[in-house]
Amino acid sequence: MDNYHITKDGDDWKLQKEGSDRAIKRSGTKDEAIQHMRGYMDGKEGSVKIHKEDGKIQEERTYPGSSDPHSSKG
């Protein structure tokens, strides 16, 4: 399963595959980055960690949801 991160990078937010040097998508806001991530992950399998501005992990989402090893809300 591939791992992705949404992180703050300067004035932008970026969606980036773990281990890659390049961002998949850059956005002006965190909400825009999450919207792009949803479209990007459509039909893919992976884990996305959404970070706070300070770099700490806010939440983790698994795609598709049926691949989530934990039975939890969200």
Side-chain angles (χ1 to χ4, degrees):
M1 182 181 298
D2 291 326
N3 294 303
Y4 300 86
H5 296 267
I6 293 178
T7 55
K8 180 82 168 168
D9 186 31
D11 291 333
D12 295 330
W13 287 86
K14 66 180 178 180
L15 170 62
Q16 186 168 354
K17 185 175 181 179
E18 196 171 281
S20 175
D21 293 332
R22 294 175 42 161
I24 295 166
K25 182 72 176 176
R26 291 186 171 273
S27 304
T29 67
K30 185 178 191 176
D31 287 338
E32 288 174 354
I34 291 170
Q35 291 300 321
H36 290 297
M37 176 267 302
R38 287 180 181 148
Y40 180 80
M41 293 304 294
D42 188 34
K44 292 182 176 63
E45 186 174 315
S47 172
V48 181
K49 292 177 179 69
I50 302 171
H51 296 258
K52 298 178 185 180
E53 282 193 46
D54 65 7
K56 293 180 183 176
I57 295 174
Q58 177 179 343
E59 69 177 285
E60 182 174 357
R61 298 183 186 181
T62 304
Y63 290 87
S66 61
S67 295
D68 193 345
H70 305 287
S71 57
S72 62
K73 295 181 181 178

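Heavy-atom contacts from other residues, nucleotides or ligands closer than 6.0 Å to NZ of Lys17 number 12 or fewer.
Pairs passing the salt bridge (charged side-chain N to carboxylate O under 4.0 Å, His left out) check and including a residue from residues 26-40, sequence neighbours excluded, read Asp9-Arg26.
The distance from the CD1 atom of Ile50 to the CD atom of Glu59 is 4.0 Å, given to the nearest 0.5 Å. The line from OG1 of Thr62 to CE of Met1 is 6.0 Å long, rounded to the nearest 0.5 Å. In this structure, NZ in Lys14 is found 15.0 Å from OH in Tyr4, a value given to the nearest 0.5 Å. We find the CD1-OH distance between Ile24 and Tyr40 to be 3.5 Å, quoted to the nearest 0.5 Å. Within the model, atoms NE2 of His36 and CD1 of Ile6 stand 10.0 Å from one another, a figure rounded to the nearest 0.5 Å.
The shortest side-chain heavy-atom distance between Lys25 and Trp13 does not fall under the 4.5 Å cut-off. Contact check for Arg61 versus Met37: side-chain heavy atoms found under the 4.5 Å cut-off.
Applying the side-chain contact (heavy atoms from CB on, under 4.5 Å) criterion to Asp54, with sequence neighbours excluded, gives Lys52, Lys56. Lys49 is linked by a side-chain contact (heavy atoms from CB on, under 4.5 Å) to Asn3, His5, Ser47, His51, Ile57, Glu60, counting only residues two or more places apart in sequence or in another chain.
Judged by distance alone, with hydrogens and angles left aside, the side-chain atoms of Ser20 form a donor-acceptor pair with the main-chain N or O of Arg22 at under 3.5 Å.
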